[in-house]
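The block underneath contains the structure these notes are about, expressed in structure tokens.
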Amino acid sequence: MLAMDKFDQPYNPKETEDKIYQFWEKSGYFNPDKLPKRHKKPFCVMMAPPNITGHIHVGHALENALNDLITRRKRMQGYKALFLPGKDHAGIAGQYVVDRELRKQGSSRFELGREKFLEKMWQWMKEYGDSIDNELKKIGISCDWSRKRFTMDEDYQEAVRAAFDYYQKKGWIYKGKRMINWCSSCQTSISDLEVEYLEEKGKLWFIKYPLSNSPEFITVATTRPETMLGDAAVAVNPKDERYKNLIGKKAILPIQNREIPIVADDLVDKEFGTGAVKVTPAHDAVDFEIGQKHNLPSYEIIDKRGKMTRESKVCEGLTVKECREKVVSALREQNFLLKEEDYSHNVGVCERSKTVIEPMVSDQWFLSMKDLAAQAIRAARKNQIKFIPASRKQIFINWFKQVKDWNISRQLWWGHKVPVEGEGEVLDTWFSSALWPLATLGWPKKTRDLTTFFPTDIILSAREIFFLWIGRMVFSAMELTGKVPFKVIYTHATVLDSKGRKMSKSLGNTVDPLTLIDKYGADAVRFGLVWQVTGHQDVHWSEDPLIAGKKFCNKLWNASRFVLQQIGIPNSQFPISNKISNFKKLTKADKIILRELRKTIKEVDKNIEKFQFGQALQALYDFFWHEFCDVYLEASKAQLTDPKRKEQTRRILLHVLANSLKLLHPFTPFITEEIYSHLPIKDKTMLIVENWPK
RNA sequence: GGGCGGUUGGUUUAAUGGUAAAACGCUGCAUUCACACUGCAGAGAGCGCAGGUUCGAUUCCUGCACCGCCCACCA
């Protein structure tokens, strides 16, 4: 397919990669339906759909290099392999980025209106969606683009409605006033998993609440004095001897001068603060629970913009922060402030906007988790799903044991509309992602793809979306189809920066895969990433393995050149055989290289089966560089001058090279396909569909 | 607070119940015969700390420290 003289040039990844990718796409082999006849047994992996919020990062590159590695090997082994790509509309995150763009231009989504804003969203989706696809193609992944899905596709919306209906008929979906996490900047509720906790150096204020008809008082400790304006009670632990005689009595709430009861509840920790806690049912999750149990009134003193309401009386219109200052100074003046201590504690912020989360009571849709969680736990316990690493199994079970009902509604414009419900009320983006392995294959219709590829074989994901996504896919599929959605859950390493910190835009420590590909070539980047996957839960980012990858590609290229020169391309067509018995009168060097090749095949297979991708690659590296290049290639130089050995040495060179290329193909697909295309082998196919060595 | 992972040459990481391997970097030599993105030779760690098991531990156990990640309603 290439003019041979090209092969005399140094390896040029840029030129080769684009050309080879087109070559693959043209072949149709990414599509399992277009694979040769020998590919029968279905095999399926799904891409974790990237958010349409920006560009791919190094985590995507790693994850999909592994997805592709697995797929390519299975394809070569004769499976009818499908690697299904797609993207996620990313509800809150998606809306947030577009809104931010608008604000940069001095506009906003409110100014645009819902209709126009959604148009913008789709425009964004088109632009960024395509760009993400192209970025993924640069990595060389062999996914079937004809089956590409987006979580807001027409038929995907249908799947979402079908799932919602199903749960509703079961009676598991309900609407109610519950405590939720409210982001005043995104103007929506968010789930517990979307709240991020940051340590904050704050204060612990000790406030005296006078007892009714008594000169005495009870002291409460709080980090949020402003919420006292909405207090409905003081709570103590029933076993706390200090306060036993106060239970049932009344206290006077300072500033508001309202009488509130003193109640007893197990949720109160005797050891913390004074052992007495102020109860604000409308603005704290625990307090809400206590309020329910004791039938306390709920005073909503903070509104959805993060401002104090009329209910707060003295602070109406102030921000939470302003109100806090006002309340503290008022308490100080009126002698209700006993003391204040420095206190560092965790403050929940919106993972998207970093705005402090206001817990508040709101009318929201929920999905009851009781039966669904039980399903997921059962699947894990019965080992219907294999967890890699194995420790994930217990983590999975433990999370589902304590999971609360899922707040599935969001007050956004971008997303799946909640059936019945009006504008501006959409489903949590994860409600649709949870259906990914089903909806992408056509569910709820009984499509051919669904029967062929579902349940899928393996799912790869980052730790951070283990519950958010993986957990929810498990119970969704089990409930809706009665089957686990995948046989294996592989939680891959997180790529941290060289100092071991999480990569983030704000820290400025992110790595751009495209820059790396430009610098080293895609094969070298894949090599470098996979090299570092050795079974740990983290990878400390280093570019060194990528440099090694680049050098390795160069070595591969030059060794291949040598072999081809010896064989005398392009005239002869060697029928090469995998059977070593076809080689006779072997020299010591011949025997060693053939033995080492066999050992390496075993080693690579064993390690890939164990998900030890880095070790598999290292075995290949050592074999090719040291056994083949340093030893055998050198030995072959003498053998090639001996007329009695010449022919067989040529065949062995070609045999070992061809098999090395096959083994390396899932790791470094571009260069191996390119070199393979030059090998003078009878009846060969493209490397992507060649037989995996045995 | 709970869980998980890590702590090995300058750096990033392997392996292993009997005194440690690779990549990158470093030093010296070689070389226009596939490859300087090369070859050969070499320096460099006794494997976080403290106990224990063992004939023997970097490897197993216990505790501690530090780093990181995840989860959690401590006001």
Side-chain angles (χ1 to χ4, degrees), chain A residues 7-8 10-11 179 181 192-193 195-197 204-207 220-225 227-228 234-235 267-280 283-290 343 345-346 348 359 389 391-392 394-396 398-399 401-404 462-468 491 493-494 496-502 520-521 524 527-528 531-566 612 614-615 617-619 621-622 625-626 629-630 633-634 636-637 641 653:
Chain A
F7 202 48
D8 284 337
Y11 180 57
M179 181 59 60
N181 308 297
D192 293 343
L193 284 167
V195 180
E196 198 175 285
Y197 289 90
L204 190 61
W205 283 275
F206 291 77
I207 308 169
V220 299
T222 181
T223 55
R224 299 200 58 190
T227 60
M228 70 169 288
V234 170
L267 288 172
V268 180
D269 179 0
K270 288 196 291 185
E271 307 304 320
F272 189 87
T274 61
V277 62
K278 54 190 274 323
V279 180
T280 320
H283 298 286
D284 182 277
V286 180
D287 293 6
F288 178 78
E289 213 176 301
I290 296 176
Y343 184 67
H345 62 130
N346 289 334
S391 57
R392 287 270 127 193
Q394 201 51 47
I395 295 171
F396 182 91
N398 289 346
W399 188 74
K401 274 189 188 163
Q402 57 82 50
V403 74
K404 290 186 296 187
R463 270 202 309 287
E464 59 177 4
I465 54 171
F466 186 68
F467 305 120
L468 226 39
T491 308
T494 306
L496 305 173
D497 74 3
S498 60
K499 292 175 187 155
R501 298 170 306 179
K502 214 172 157 176
Y520 301 107
F527 179 105
W531 185 268
Q532 299 181 63
V533 178
T534 51
H536 286 244
Q537 70 176 19
D538 297 320
V539 166
H540 286 203
W541 176 251
S542 164
E543 257 181 60
D544 286 350
L546 279 68
I547 296 170
K550 187 162 183 269
K551 288 185 176 182
F552 182 72
C553 288
N554 186 253
K555 191 74 176 175
L556 185 57
W557 184 257
N558 285 306
S560 305
R561 250 174 56 176
F562 171 81
V563 172
L564 287 173
Q565 279 166 12
Q566 302 314 314
Q612 306 274 31
Q615 278 89 332
L617 180 54
Q618 294 201 19
Y621 177 93
D622 287 340
W625 196 301
H626 301 300
C629 294
D630 290 349
L633 242 51
E634 293 308 320
S636 77
K637 287 173 185 173
T641 59
L653 282 171

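Labels below follow one simple rule: chain letters A, B, ... track the order of the sequence lines, proteins then strands, and each chain is numbered from 1.
Base-pair partner of B/C64: B/G48 (Watson-Crick or G-U wobble, both distances under 3.5 Å). In this entry B/U59 has no Watson-Crick or G-U wobble partner, no candidate having both defining distances under 3.5 Å. Across all strands shown, the partner of B/U11 is B/A23, judged by Watson-Crick or G-U wobble contacts whose two distances both fall under 3.5 Å. The base-pairing partner of B/U16, taking Watson-Crick or G-U wobble contacts with both distances under 3.5 Å, does not exist among the strands shown. Across all strands shown, B/C73 forms no Watson-Crick or G-U wobble pair with both distances under 3.5 Å. Base pairing of B/U53: no nucleotide in any strand meets the Watson-Crick or G-U wobble criterion (both distances under 3.5 Å).
A heavy-atom distance below 4.5 Å is found between the side chains of A/Y621 and A/W531. Inter-residue side-chain proximity for A/N398 and A/K401 is flagged as met; some heavy-atom pair is nearer than 4.5 Å. The side-chain heavy atoms of A/V234 and A/V279, taken from C-beta on, include no pair separated by under 4.5 Å. A/I207 is listed as a side-chain neighbour of A/T222, based on a closest heavy-atom distance under 4.5 Å.
Atom CG of A/N398 is separated from atom P of B/G3 by 10 Å (rounded to the nearest Å). Going from atom CZ of A/R392 over to atom P of B/C71 covers 9 Å, rounded to whole Å. In this structure, A/D538 places its CG atom 10 Å from P of B/G6, rounding to the nearest Å. Between the CZ atom of A/R224 and the P atom of B/A75 there is a distance of 11 Å, given to the nearest Å. Between A/L267 atom CG and B/A75 atom P there is a gap of 14 Å when expressed in whole angstrom units. The CD atom of A/Q402 sits 11 Å away from the C1' atom of B/C73 (whole-angstrom rounding). Atom CD of A/E289 and atom C1' of B/A75 are 14 Å apart (whole Å). For the pair A/L633 CG and B/U38 C1', the interatomic distance rounds to 13 Å; values are reported in whole Å.
The P atoms of B/G39 and B/A34 are separated by 13 Å, rounded to the nearest whole Å. Going from the C1' atom of B/A45 to that of B/U53 covers 26 Å, rounded to whole Å. B/C29 sits 45 Å from B/C67 when the P atoms are compared, rounded to a whole Å. When the C1' atom is compared between B/G44 and B/G25, the two are found 11 Å apart, to the nearest whole Å. Distance check on atom P: B/G3 versus B/C24 gives 41 Å, rounded to whole Å. For the C1' atoms, the distance linking B/G9 with B/C61 amounts to 28 Å, nearest Å. Nucleotides B/C70 and B/G18, compared at atom P, are 37 Å apart to the nearest Å. Distance noted for atom C1' between B/C4 and B/A75: 28 Å (whole Å).
Under 3.5 Å, the side chain of A/E634 and the base of B/A34 form at least one donor-acceptor pair of N or O atoms. In this model, a side-chain donor or acceptor of A/K555 finds a partner on the base of B/C35 within 3.5 Å.
Out of B/C35, B/C71, B/C73, the shortest distance to the side chain of A/W399 is found at B/C71. Listed candidates were B/C24, B/C73, B/G39. Nearest to the side chain of A/D630 is B/G39. Here the nucleotide nearest the side chain of A/D544, chosen from B/C24, B/A15, B/A34, is B/C24. Checked against B/A75, B/G3, B/G68, the side chain of A/I395 finds its nearest nucleotide in B/G3.
At the phosphate of B/C37, neither OP1 nor OP2 sits under 4.0 Å from any side-chain N or O atom of A/Y520. For the OP1/OP2 pair of B/U13 and a distance below 4.0 Å, the side-chain nitrogens and oxygens of A/H540 include at least one atom meeting the criterion. Distances shown here put every side-chain N or O of A/K270 at or beyond 4.0 Å from the OP1 or OP2 atom of B/C74. Between A/Q618 and B/A23, a side-chain N or O to OP1/OP2 separation shorter than 4.0 Å is absent. Checking the phosphate oxygens (OP1, OP2) of B/A22, no side-chain nitrogen or oxygen of A/W625 falls inside 4.0 Å. Regarding contacts with the backbone of B/C24, every side-chain N or O of A/K550 stays at 4.0 angstrom or more from both OP1 and OP2. Of the side-chain N and O atoms in A/K551, one or more sit less than 4.0 angstrom from OP1 or OP2 of B/G25. Distances shorter than 4.0 Å separate none of the side-chain N or O atoms of A/K404 from OP1 or OP2 on B/A72.
Contact annotation for A/F467: backbone-only contact, meaning every heavy-atom pair under 4.0 Å involves sugar-phosphate atoms and none involves a base. Heavy atoms of A/F552 sit nowhere under 4.0 angstrom from any nucleic acid atom. Residue contacts shown for A/Y343 are limited to sugar-phosphate atoms, with no base heavy atom under 4.0 Å away. Note on A/A221: a base of the nucleic acid sits closer than 4.0 angstrom, heavy atoms only. At a threshold of 4.0 angstrom between heavy atoms, the contacts of A/T494 with the nucleic acid are absent. Residue A/K502 is in sugar-phosphate contact alone, with no base atom involved, counting any heavy-atom pair closer than 4.0 Å across all strands shown. A/C629 comes within 4.0 angstrom of a base, heavy atoms only. Residue A/V268 is in base contact, counting any heavy-atom pair closer than 4.0 Å across all strands shown.
Mapping A/R463 and A/D284 onto RNA chain B by nearest heavy atom places A/R463 at the nucleotide closer to the 5' end.
Glycosidic conformation of B/G52: anti, with the torsion beyond 90° of 0.
Residues A/A493 and A/V539 approach most closely at CB-CG2, 3.7 Å, considering heavy atoms.
Relative to the six-membered ring of A/F527, A/K551 misses at least one condition, a distance below 6.0 Å or an angle of at most 45° to the axis.
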Q: For side-chain hydrogen bond (donor to acceptor under 3.5 Å, both in side chains), just list the numbers for A/T494 and A/R463, CA-CA rounded to whole Å, side-chain angles, deciding distance to a tenth of an Å, and then say yes or no.
A: CA-CA 7 Å; A/T494 306; A/R463 270 202 309 287; 3.2 Å; yes

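Under the 3.5 Å distance criterion, the side-chain polar atoms of A/D284 are left unmatched by any main-chain donor or acceptor of A/T280.
Aromatic ring centres of A/W205 and A/Y343: separated by at least 6.0 Å.
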